[in-house]
Amino acid sequence: MTSQYYVTSYGQPNDLAPEPWEIQSTTNGATVRTIDRSTEQPDQAPSLLGKYAVQVGSGVVTFRDLSTDASSQLGVPADAVYEGVYAGGILLRRGSTISLRALNSTEKTVTGAAGDPTILDSNDSSLLLGMSGRVAIVDLATGAATAVTTLTANPAWAALTPNRVIWQTAATETTRSLAWKQRTTATTGTIQVPYGEPILPLGDDIAVRLGSELIKVSGTSTVTRPFVTGVHDAADLTTGRLLVSAQSKIASVGPDGVLQTVKATPAFAAQVQYVGLSGARLVTSDQQPAHTLYETANNGTAWTATGGSNTGKPFQLEGTTLLSFDATTARVGDLTFPAADDVVLGKGGKLVAHYGEIYDVATKTKRLGLAPPFALAGNTAWKVTEPGVLQGQDVTAGTTKTISVASGCAIGPNAVNGRWALLTGCAGGNQVIDVTGPEPPRNLAVPADAQLGNGFVAQLTTGEDTNGLSTKELLVTDLNDAALGRRRYGPILGRLQQATFRADGSGQPKIAYADPAARPRVITLDWLKPDPQQRTDQTPPVLTTASAGDRIRDFTTATFNWAFTDPADDPHEPATGIESYDVRIQQRPTPTSPYGAWREIAGWQGIKITEVSLTANPGVDTCWQVRSRDKALNLSAWSASYCSETDGTAPTYVTSRPGDRVILTPAQRYSYSFTDNLDPVAYDVAYRGAAPGQPLGAWVYPAAWTTLQDTSVAWGANAGSERCFQVRARDVIGNVSGWSPQTCSVYPQDDRALTSVGSVARGSSALAFLGTTSTLNAKGAALTKSGESGVRIALVTLNGPGQGSVDVYHAGVKVASVSLAAATQSRKVTYLPVTAYRTGEVRVVSTSTAPAAVDGIAFLRSSP
């Protein structure tokens with residue numbers, strides 16, 4: 001591959017007539033040249049350098065100009081040693097002198113070079129040489145060599161990038177260590193690659209292909225994963241970009257990870273290993289190491305990776321059910337078995353056998369235990385139960401059918417399909433019998449790998465190509481024809497490689513196979529005679545699944561998907577397959593409004609896809625219905641409604657609390673809770689506060705308390721201050737609640753903040769708020785403080801035996817009388833009655849000769 005061309009071929013070098021290599025443009029994927037394969041090395045791709053295809057011979061190098069198709073030969077002089085080829089010339093050494101020899105046989109000496117040269121990398125204008133550990137860049141136009149670094153030996157890997165030279169310094173099975181240097185400055189650096197797979201330059205970074213994923217590792221060792229997915233192959237374009245086969249196209253990709261399409265391709269880059277067919281659904285597994293499963297339902301126009309893989313054994317596709325063998329696990333629906341075991345999917349895809357255990361695929365339940373050999377078709381298990389007796393047991397209906405057959409007959413897996421059963425070992429040879437009657441048996445010799453279709457048998461046979469060489473072909477026998485008419489198809493893959501072919505798993509007269517180029521193909525057997533008892537399809541499709549997603553969804557895009565089957569429960573009324581679908585909707589604009597009329601959207605009628613989407617505003621409920629028609633134009637009824645509403649409801653406030661209304665410790669948390677049908681995801685908290693003697697201020701909205709994830713915030717109180725909070729919540733779709741009611745807490749002022757009048761003793765107590773008390777020892781003794789505001793006062797006292805009482809005045813108005821007498825000593829907060837908002841002196845006056853221990857006082861600016 002070069003910046004201008006790349007090599008590709010779907011040909012198989014082991015087949016009789018392998019296709020030539022195709023040289024295609026990296027600009028548009030057009031084929032510019034073809035090159036025949038070498039008979040000695042048919043799988044060896046041509047070497048491309050610049051605009052040339054290069055072939056190195058003994059003492060001579062042939063350059064084929066891909067733009068003009070002209071060929072030139074450049075010989076190695078007798079006094080020189082050939083050291084390599086580059087775009088438009090060869091590298092020579094004479095003693096310690098290194099030179100570039102161009103196609104016109106002129107030479108220029110490489111200045112600044114020394115040692116035995118090895119070409120580490122090249123592009124259209126430069127060579128990267130390793131010369132006994134000395135790495136240099138050689139300008140092809142001037143021959144000047146610019147030193148990069150000196151190593152103990154040539155690196156195992158090195159690359160020219162647009163602005164750097166990168167080389168490997170160490171490697172393990174799971175890691176690679178790289179170093180780099182800017183090409184125009186002395187700047188250097190290192191890259192640690194946490195993978196052992198081969199690496200490629202990507203811009204000035206590194207790329208690693210891990211399975212079907214391309215991973216980027218930057219010059220600072222930062223790993224970007226995923227970078228590009230669905231990748232089958234990748235190669236260096238020498239321009240800082242890679243050419244990849246990925247996502248159904250050949251494309252170039254740079255450090256930004258954006259694919260620029262060169263040419264659309266089949267979704268699989270490698271050739272087919274196994275094939276399966278059911279109706280319009282064709283499934284393949286490729287020959288890449290990952291053995292990825294791909295499928296198409298539109299004759300190969302578009303391919304999709306199924307997300308699985310298949311290795312070891314051919315996968316099985318019957319009806320809508322796929323059985324794959326992925327590493328150590330056999331998977332069919334939600335059922336799994338050891339891949340090494342004998343696992344067989346029945347015709348129709350309803351039953352699966354694991355040795356002698358038969359399971360219902362849909363319900364995942366074991367339905368029957370039966371000693372092998374037996375065959376599964378639909379809901380029925382067929383077995384020769386005694387000599388001359390074939391018995392069919394319907395595991396769903398619980399009914400049994402018995403058919404007399406020739407002596408010695410046996411039946412094996414996949415040996416019943418539709419109305420025909422293939423019996424082996426019968427007296428007089430193999431027989432095909434009608435399990436529905438009344439057609440007489442057909443005697444037919446077939447090999448063990450024959451495929452029984454619905455009305456036909458396909459088997460491998462040997463043919464000849466135009467040169468008289470042997471090929472593998474398919475021989476198809478019409479079972480509906482008493483004369484057993486036959487036709488040949490092919491050639492198919494299989495002369496020197498494993499053949500793969502499968503009868504249609506939906507019961508249609510079709511076969512999928514891999515051709516000699518290992519590409520999937522489908523045969524339609526339109527020449528088969530009709531079933532003598534066959535009736536026209538009169539059964540409409542049946543809905544199997546449908547979903548509109550979550551009932552309440554947290555995004556505005558509403559998606560509806562569905563699946564139908566076209567049943568063929570009567571073997572004489574074969575299904576014709578799904579043709580198209582119609583979709584309609586009705587909507588309710590708000591939760592309290594009625595639903596509108598059903599609307600059949602023009603673009604959703606007669607469609608082939610099985611999913612549609614629309615955008616709905618918050619609060620809009622959308623209900624969907626779907627119906628299907630088959631190819632016989634049988635139309636199903638509209639399905640039940642499947643509804644999904646875009647959430648339009650904001651979270652609902654439940655409670656909030658900043659602490660007690662009067663708090664006695666400064667460190668507090670404001671906690672809150674909301675409910676929502678989608679759960680709140682973020683909260684905004686605001687507060688306002690008041691210093692001693694001041695009213696509450698304006699609301700403050702701290703940036704740190706916006707879009708909080710926690711359901712509480714910490715806050716600290718100051719003496720005599722009050723702090724009020726409010727909160728609102730938003731859900732994941734952005735619905736925002738209103739602000740909650742404010743809730744407030746006040747931190748008292750200590751008794752020492754009040755002025756004593758008369759007989760007042762200042763003391764201390766372990767029970768006291770902040771550890772101090774002021775005891776009024778005589779009637780009329782008082783504590784006062786001016787300039788205090790609020791609608792309510794909370795008095796903090798030490799109550800106990802022998803304590804007296806006090807009157808509390810605010811702005812000259814008596815608010816309350818408070819008794820401090822109690823059976824045991826304790827600290828108490830007494831909330832006085834709510835009054836009008838006042839500002840003025842507060843006075844706490846003793847009304848008895850007994851002592852009254854005052855601990856603190858709080859002023860509440862709001863009544864809650």
Side-chain angles (χ1 to χ4, degrees), residues 10 29 212 229-230 232 245-251 259 261 263-286 292-308 310 315 317-322 324 349 500-515 517-526 537 541 543-546 559-566 574-583 601-613 626-636:
Y10 291 108
S212 61
T229 58
H232 304 285
S245 172
Q247 302 173 16
S248 303
K249 53 182 169 281
I250 301 295
L259 296 180
T261 300
K263 181 179 182 180
T265 67
F268 41 86
Q271 289 80 13
V272 167
Q273 183 182 38
Y274 300 119
V275 294
L277 178 69
S278 183
R281 184 186 182 193
L282 176 66
V283 178
T284 69
S285 62
D286 65 22
T292 303
L293 285 166
Y294 294 94
E295 65 177 82
T296 182
N298 51 19
N299 202 30
T301 302
W303 290 85
T304 303
T306 66
N310 186 88
F315 64 84
L317 178 62
E318 299 291 341
T320 60
T321 306
L322 176 67
S324 62
T500 177
F501 65 98
R502 293 292 293 186
D504 188 305
S506 72
Q508 297 185 40
K510 296 190 296 182
I511 303 171
Y513 70 98
D515 68 11
R519 289 178 290 198
R521 296 184 183 273
V522 175
I523 307 167
T524 299
L525 308 174
D526 52 9
D537 181 8
L543 180 70
T544 55
T545 62
T559 299
F560 178 51
N561 55 67
W562 61 88
F564 280 81
T565 58
D566 193 27
T576 54
I578 303 295
E579 172 62 24
S580 61
Y581 310 94
D582 302 331
V583 177
I601 310 300
W604 294 350
Q605 310 306 305
I607 57 177
K608 307 289 187 181
I609 57 178
T610 57
E611 181 176 284
V612 293
S613 298
V626 62
R627 65 184 180 184
S628 176
R629 61 182 57 79
D630 60 22
K631 290 182 170 60
L633 302 184
N634 297 302
L635 185 63
S636 71

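Note that this is a predicted model, so its numbers are computed, not measured.
Nearest heavy-atom pair, Asp504 versus Ser278, reported as atom, atom and distance to 0.1 Å: OD1-CA, 3.6 Å. Looking at every heavy atom in both residues, Pro520 comes nearest to Val272 through CD-CG2, 3.5 Å. Of all non-hydrogen atoms in Thr296 and Ala302, the two that sit nearest each other are OG1-O, 2.8 Å. The minimum heavy-atom distance between Gly276 and Leu282, with the atom names listed, is O-CD1, 3.3 Å. Considering all non-hydrogen atoms of both residues, Trp604 and Ser613 come closest at CZ2-O, 3.6 Å.
Considering only heavy atoms from C-beta on, Arg281 comes within 4.5 Å of Leu317 through its side chain. When side chains are defined from C-beta on, Phe564 counts as touching Ser636, because their heavy atoms get closer than 4.5 Å. You'll find the side chain of Glu318 reaches within 4.5 Å of the side chain of Arg502, heavy atoms only. Residues Glu295 and Leu293 are not in side-chain contact: their nearest non-hydrogen atoms beyond the backbone lie 4.5 Å or more apart. Using a 4.5 Å cut-off on side-chain heavy atoms (C-beta onward), Val612 and Ile607 make contact. Ile511 is not listed as a side-chain neighbour of Leu277, based on a closest heavy-atom distance of 4.5 Å or more.
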Stepwise side-chain contact (heavy atoms from CB on, under 4.5 Å) test for Thr292 and Asp286: CA-CA 6 Å; Thr292 303; Asp286 65 22; 4.0 Å; yes
Full working for side-chain contact (heavy atoms from CB on, under 4.5 Å) between Asp515 and Tyr513: CA-CA 6 Å; Asp515 68 11; Tyr513 70 98; 4.1 Å; yes
Chi angles and distances behind the side-chain contact (heavy atoms from CB on, under 4.5 Å) call for Val583, Trp562: CA-CA 10 Å; Val583 177; Trp562 61 88; 3.5 Å; yes
side-chain contact (heavy atoms from CB on, under 4.5 Å) between Val626 and Leu543, worked out: CA-CA 9 Å; Val626 62; Leu543 180 70; 4.3 Å; yes
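Side-chain N or O atoms of Asp566 include none that pairs as donor or acceptor with a backbone N or O of Ile578 at under 3.5 Å. In terms of modelled atom types and a separation under 3.5 Å, the side chain of Lys263 and the main chain of Lys249 share no donor-acceptor contact. Counting only distance, with no hydrogens or angles, the side chain of Thr500 and the backbone of Val275 share a donor-acceptor pair below 3.5 Å. Between the side chain of Asn310 and the main chain of Ser285, no donor-acceptor pair closer than 3.5 Å is present.
Rounding to the nearest 0.5 Å places OG of Ser580 at 11.5 Å from CD1 of Ile609. Here Leu635 contributes atom CG and Asp630 contributes atom CG; the two are 9.0 Å apart, rounded to the nearest 0.5 Å.
Using cut-offs of 30° and 60° for the angle between ring planes, the Tyr274 and Phe315 rings count as perpendicular.
Side chains of Thr524 and Asp526: no donor on one and acceptor on the other come within 3.5 Å.
In this structure, Asn298 places its CG atom where more than 12 heavy-atom neighbours from other residues, nucleotides or ligands lie under 6.0 Å away.
When each of Arg627, Lys608, Arg629 is checked for a salt bridge (Lys or Arg N to Asp or Glu O under 4.0 Å) with Glu579, only Lys608 meets the rule.
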